[in-house]
Amino acid sequence: MGRYFYSEIDIKRPWHQVLAAFWQRYPNPYSTHVLTEDVLFREVTHNNHLLSRRLLTKTNRLPRWAERVFPAHMSRAVYVLEDSIVDPQSRTLTTKTWNLNHNKLMTVVEKSLYVEDDSQAPCTKLRREAWISSAVYGLTRPIQEFGLARLKSNQARALKGLEFALAKMDGETQVIISGDHGDSSGTHPSKPAPTQNPKEFV
């Protein structure tokens, strides 16, 4: 069944600024676990959508109890694919990420939507959800709980990194972000299958 995560956050900045900051997030002092980012694919479609696929390399420190279970030589690097679609007409940025390795240990699929909120402009609403699963017999539950906790921690750091990029763009020291910094997390019956082509993403 796996674990499910959902949150909504309001970023008190217009969508075009948030979009620019999204591409300039790394490096930042809050996301030192992100080691590299490489663009694998980028295309503007006939309807003016920007499709991108990036490969991110991140560190993946295991909890102490897991270090006693899994081999010491197991790679601590996690390779993550990120598909994204920018729709300038609807003013939306949709992303999906999933890990390429350590899939038996844990699979994390995340989907985010950045959309302009006309009701309280200037504001961009960020909706995030994730599906976490594990195929390790006997350890599925603790691994999924660890994955959920790690996801929350990483998303908090990612948000601070976005704030940092926004502040850096215009010299400010703080960006107001409000909303549900917590989550609605629990068991969820299904998760989206990772896409194989950015054109099939949404």
Side-chain angles (χ1 to χ4, degrees), residues 5-11 13-60 75 77-103 106-118 122-132 151 154-171 175 177 191-202:
F5 171 92
Y6 179 85
S7 70
E8 284 192 15
I9 292 172
D10 292 329
I11 306 171
R13 287 295 188 93
W15 177 82
H16 70 275
Q17 290 183 6
V18 174
L19 177 63
F22 175 84
W23 300 117
Q24 300 177 43
R25 287 177 301 164
Y26 308 122
N28 71 74
Y30 303 102
S31 299
T32 55
H33 64 294
V34 179
L35 304 179
T36 63
E37 57 172 336
D38 298 285
V39 177
L40 305 181
F41 174 90
R42 184 157 284 166
E43 176 184 87
V44 177
T45 67
H46 68 280
N47 54 353
N48 207 31
H49 291 177
L50 174 64
L51 309 181
S52 300
R53 170 167 285 182
R54 298 195 298 173
L55 175 66
L56 307 175
T57 306
K58 304 182 179 183
T59 56
N60 182 41
S75 172
V78 178
Y79 301 104
V80 177
L81 272 185
E82 174 195 84
D83 280 357
S84 64
I85 295 181
V86 177
D87 183 348
Q89 277 195 315
S90 63
R91 290 187 172 271
T92 59
L93 164 64
T94 309
T95 70
K96 182 190 283 187
T97 63
W98 66 94
N99 56 301
L100 295 177
N101 58 337
H102 302 319
N103 298 101
M106 182 166 54
T107 298
V108 180
V109 180
E110 299 180 54
K111 188 173 182 179
S112 299
L113 174 65
Y114 301 75
V115 58
E116 186 171 71
D117 187 353
D118 295 329
C123 180
T124 301
K125 188 171 291 292
L126 169 56
R127 299 187 181 98
R128 298 183 293 189
E129 56 185 337
W131 295 261
I132 305 163
L151 174 74
N154 286 347
Q155 289 200 346
R157 286 192 285 177
L159 191 58
K160 286 186 175 294
L162 186 64
E163 292 176 349
F164 179 84
L166 282 164
K168 190 176 179 181
M169 282 168 50
D170 56 15
V175 177
I177 297 183
K191 68 178 181 180
T195 56
Q196 298 303 312
N197 187 314
K199 295 180 181 179
E200 302 169 356
F201 173 44
V202 175

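The structure presented is a predicted model; accordingly, all values stated were derived computationally and were not measured.
- Smallest separation of non-hydrogen atoms from L100 and N103: O-OD1, 2.7 Å.
- Going from atom CG of L40 over to atom CG of L81 covers 6.5 Å, rounded to the nearest 0.5 Å.
- Counting heavy atoms of neighbouring residues, nucleotides and ligands inside a 6.0 Å radius, atom NZ of K160 does not exceed 12 of them.
- Annotation: the span from L159 atom CG to I9 atom CD1 amounts to 4.5 Å, rounded to 0.5 Å.
- In terms of heavy atoms, Q155 sits closest to S7 at OE1-OG, 4.4 Å.
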**Q.** side-chain contact (heavy atoms from CB on, under 4.5 Å) evaluation trace for R127 with Y6
**A.** CA-CA 7 Å; R127 299 187 181 98; Y6 179 85; 3.5 Å; yes
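- The pair E129-K111 does not meet the salt-bridge criterion, since no charged nitrogen lies less than 4.0 angstrom from a carboxylate oxygen.
- The structure places CD of E110 at 12.0 Å from CH2 of W98, a figure rounded to the nearest 0.5 Å.
- The nearest pair of heavy atoms linking S31 to R157 is OG-O, 3.8 Å.
- Not a single donor-acceptor pair under 3.5 Å links the side chain of N28 to the backbone N or O of E163.
- One N or O on the side chain of N99 and one on the backbone of M106 form a donor-acceptor pair closer than 3.5 Å.
- Taking CG from D83 and CG from L51, the interatomic distance works out to 8.5 Å, rounded to the nearest 0.5 Å.
- When all heavy atoms of C123 and D10 are compared, the pair lying nearest together is SG-CB, 3.8 Å.
- Taking each heavy atom of E82 and L56 in turn, the nearest pair found is OE2-CD1, 4.3 Å.
- Partners of Y30 according to the ring-ring contact (aromatic ring centres under 6.0 Å, His included) rule, which considers only residues two or more places apart in sequence or in another chain, do not exist here.
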Q. Passes side chain to side chain donor-acceptor pair (under 3.5 Å), R42 versus S52? Steps please.
A. CA-CA 4 Å; R42 184 157 284 166; S52 300; 2.8 Å; yes
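- Expressed to the nearest 0.5 Å, how far CD of Q17 lies from CG of D170 amounts to 6.5 Å.
- With N101 contributing its side chain and Y79 its backbone, the two residues share a donor-acceptor pair below 3.5 Å.
- Distance CG/L166 to CZ/R13: 5.0 Å, rounded to 0.5 Å.
- At a threshold of 4.5 Å between non-hydrogen side-chain atoms, the residues S84 and Y114 do not count as touching.
- For W23 against V86, the heavy-atom pair with the smallest separation is CZ2-CG2, 4.0 Å.
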